[in-house]
Colleague: 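Have a look at this one.
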2 protein chains.
Amino acid sequence: MDERELLVLGLLMTQSQHGYQINDFIERNLGQVSDMKKATAYSILKRLDKQGCVDVTVEQEGNRPPRQIYSITDRGRELFYDLLRSSLAHAENVTPAGEIGLMFIDHLSRSDAKELLKIKLEKMNQLIEACSSIPSHDEGIGVNLSFRHRLALLECNRTFLTETIQELENESTV
Amino acid sequence: MDERELLVLGLLMTQSQHGYQINDFIERNLGQVSDMKKATAYSILKRLDKQGCVDVTVEQEGNRPPRQIYSITDRGRELFYDLLRSSLAHAENVTPAGEIGLMFIDHLSRSDAKELLKIKLEKMNQLIEACSSIPSHDEGIGVNLSFRHRLALLECNRTFLTETIQELENESTV
DNA sequence: GACCTTCTAGTCAGGTATGACTATACTAGT
DNA sequence: ACTAGTATAGTCATACCTGACTAGAAGGTC
């Protein structure tokens, strides 16, 4: 859950930025993975500020609308790690946005990341089991198709996860 | 887009129902595919009513809270087919919810369905191409992983689509 | 027959997301 | 030197979603 907060915090982990910069980066580079809109990012920044997870500095330059520069606080860092861990260990979303956590995996040690992904893998297996046993009580093919679609995505995720865990393992022994 | 409206309208296509019934069905049978909450379904029903897509009849029984029975109107049927067609031809969402359209595919002729899915397939191929060429400018593996994840899901979708189209083709020649 | 739980049926306040909008600065062409 | 178009930087009204709540009926159990 709350993949959007994770994304914004993650971007602030590398450097302090103002809202426009964050949006620009998401639009240019992450449009494939996140569909978050401008106004949403701004409202998330405001929320994070209210929770004390970011500090704001206003920078005036001439007559322009002033820039609000956001930097992450200790509390924000805590939240970031919490969200990251739960994103990596969580398996409900089969969406790319649901796997935003992957993007920030370098902030954790390889072994931590591996452990979390193993938890996710286990949950994924349970989901697959639950999905496999759905009876196709209908005469049409529709309902059946949509369950097979979900099953295919879940299995794709499982394969990806298994490979990724393997990759992390190989990396750390090299 | 608007997969939720599609889901509610689709359920009303088979028979008139009251809100509780719709929610109950979603919770019991479609929890795997849709995560729509109770209150959301009710608010969608209200919206559809405002747009003249459903008719409401109130049914009182003793002292109970009265049932609001919703039935789909001609206008609602139009909207249903519009949403269904665009859901089947659309390729942006890689999510199970994004493929709610599949569930109602039996409402279209096999050849119509096939055509729409072919459009989706073409779009999917474009997305895959766009995703493949993303450079991994980072030193970490995170960003790279998350793009590979999306790519894997897209390719899974492509395979599924291809198979489904094939299936529809075989079915109609038999 | 009193109490607790679950099922039925839905509402509502408050949080979230976003399309449309405002406003300045810079850049290129004519 | 003027204009059109784009980049910068963000706000706001409105629509949307959902957790928490209300309320009666039915069923079980001690």
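What's counted below: heavy atoms across the whole structure, side chains too, no hydrogens, waters or symmetry copies. For clarity, every value in this text was computed on a predicted model and none was experimentally measured. Throughout, protein chains are lettered first and strands after them, A, B, ... in sequence-line order, and every chain is numbered starting at 1.
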Colleague: Quick one: CD on B:Glu163 to CD on B:Glu167, what's the gap to the nearest 0.5 Å?
Modeller: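 Here the rounded value is 8.0 Å.
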Colleague: I'd like to know if B:Ile119 and B:Leu102 are part of one continuous hydrophobic network [Ile/Leu/Val/Met/Phe/Trp/Tyr, side-chain heavy atoms within less than 4.5 Å].
Modeller: no
Colleague: So which protein N/O to nucleotides 13-17 of chain C N/O distances come out below 3.5 Å?
Modeller:
residue	atom	partner	partner atom	Å
C:dA17	OP2	A:Arg47	NH2	2.5

Colleague: When you compare the side chain of B:Leu108 with that of B:Arg85, does any pair of heavy atoms fall below 4.5 Å?
Modeller: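 Sidechains of B:Leu108 and B:Arg85: in contact.
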Colleague: Expressed in angstrom and rounded to an integer, what is the separation of A:Glu27 atom CD from C:dT18 atom C1'?
Modeller: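 The distance from CD of A:Glu27 to C1' of C:dT18 comes to 13 Å, rounded to the nearest Å.
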Colleague: Taking CD from B:Gln17 and C1' from C:dA9, how many angstroms apart are they, rounded to a whole number?
Modeller: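 To the nearest whole Å, that distance equals 14 Å.
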Colleague: Which atom pairs, donor and acceptor, lie under 3.5 Å between side-chain atoms of residues 38-54 of chain A and protein residues at least two apart or in another chain?
Modeller:
residue	atom	partner	partner atom	Å
A:Tyr42	OH	A:Tyr20	N	3.3
A:Ser43	OG	A:Thr40	O	3.0
A:Arg47	NH1	A:Glu5	OE2	2.3

Colleague: Is a side-chain donor or acceptor of B:Lys123 paired with a backbone partner of B:Ala89 at a separation under 3.5 angstrom?
Modeller: yes
Colleague: Output the rounded distance in Å from CG (B:Leu7) to C1' (D:dC17).
Modeller: 15 Å
Colleague: To the nearest Å, give me how far apart CD1 (B:Ile26) and P (D:dC17) are.
Modeller: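 For the pair B:Ile26 CD1 and D:dC17 P, the rounded distance is 12 Å.
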Colleague: I want to check something: taking the side chain as every heavy atom from C-beta on, are B:Ile100 and B:Leu30 in contact at a cut-off of under 4.5 Å?
Modeller: no
Colleague: How would you list all residue pairs meeting salt bridge (Lys or Arg N to Asp or Glu O under 4.0 Å) that involve residues 18-31 of chain A, not counting sequence neighbours?
Modeller: A:Asp24-A:Arg28
Colleague: Which side-chain N or O atoms in residues 150-161 of chain B pair as donor and acceptor under 3.5 Å with protein atoms at least two apart or in another chain?
Modeller:
residue	atom	partner	partner atom	Å
B:Arg150	NE	A:Gln32	O	3.0
B:Arg150	NE	A:Gln32	OE1	3.1
B:Arg150	NH1	A:Gln32	O	3.1
B:Arg150	NH2	A:Gln32	OE1	3.4
B:Asn157	OD1	A:His149	NE2	2.9
B:Arg158	NH1	B:Asn125	OD1	2.7
B:Thr159	OG1	B:Glu155	O	3.0

Colleague: Please collect all side chain to side chain donor-acceptor pair (under 3.5 Å) contacts where either partner lies in residues 73-83 of chain B, sequence neighbours excluded, each pair once.
Modeller: B:Asp74-B:Arg77
Colleague: Could you tell me how far apart A:Asp2 (CG) and D:dC17 (P) are, to the nearest whole angstrom?
Modeller: 17 Å
Colleague: Give the rounded distance in Å between these two atoms: CZ of B:Phe25 and P of C:dA9.
Modeller: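 Atom CZ in B:Phe25 sits about 17 Å away from atom P in C:dA9.
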Colleague: Expressed in angstrom and rounded to an integer, what is the separation of B:Glu59 atom CD from C:dT8 atom P?
Modeller: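 It is 15 Å, rounded to the nearest whole Å.
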Colleague: Please list each protein N or O that sits under 3.5 Å from an N or O in nucleotides 9-13 of chain D, with the distance.
Modeller:
residue	atom	partner	partner atom	Å
D:dA9	OP1	A:Arg67	NE	2.5
D:dA9	OP1	A:Arg67	NH2	2.7
D:dG10	OP1	A:Pro66	O	3.3
D:dG10	OP1	A:Gln68	N	2.3
D:dG10	OP2	A:His18	ND1	3.4
D:dG10	OP2	A:Gly19	N	3.3
D:dG10	OP2	A:Tyr20	N	3.3
D:dG10	N7	A:Lys38	NZ	2.9
D:dG10	O6	A:Lys38	NZ	2.9

Colleague: Quickly work out the B:Leu45 CG to D:dC17 C1' distance and round it to whole Å.
Modeller: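 So the CG-C1' distance, B:Leu45 to D:dC17, works out to 14 Å.
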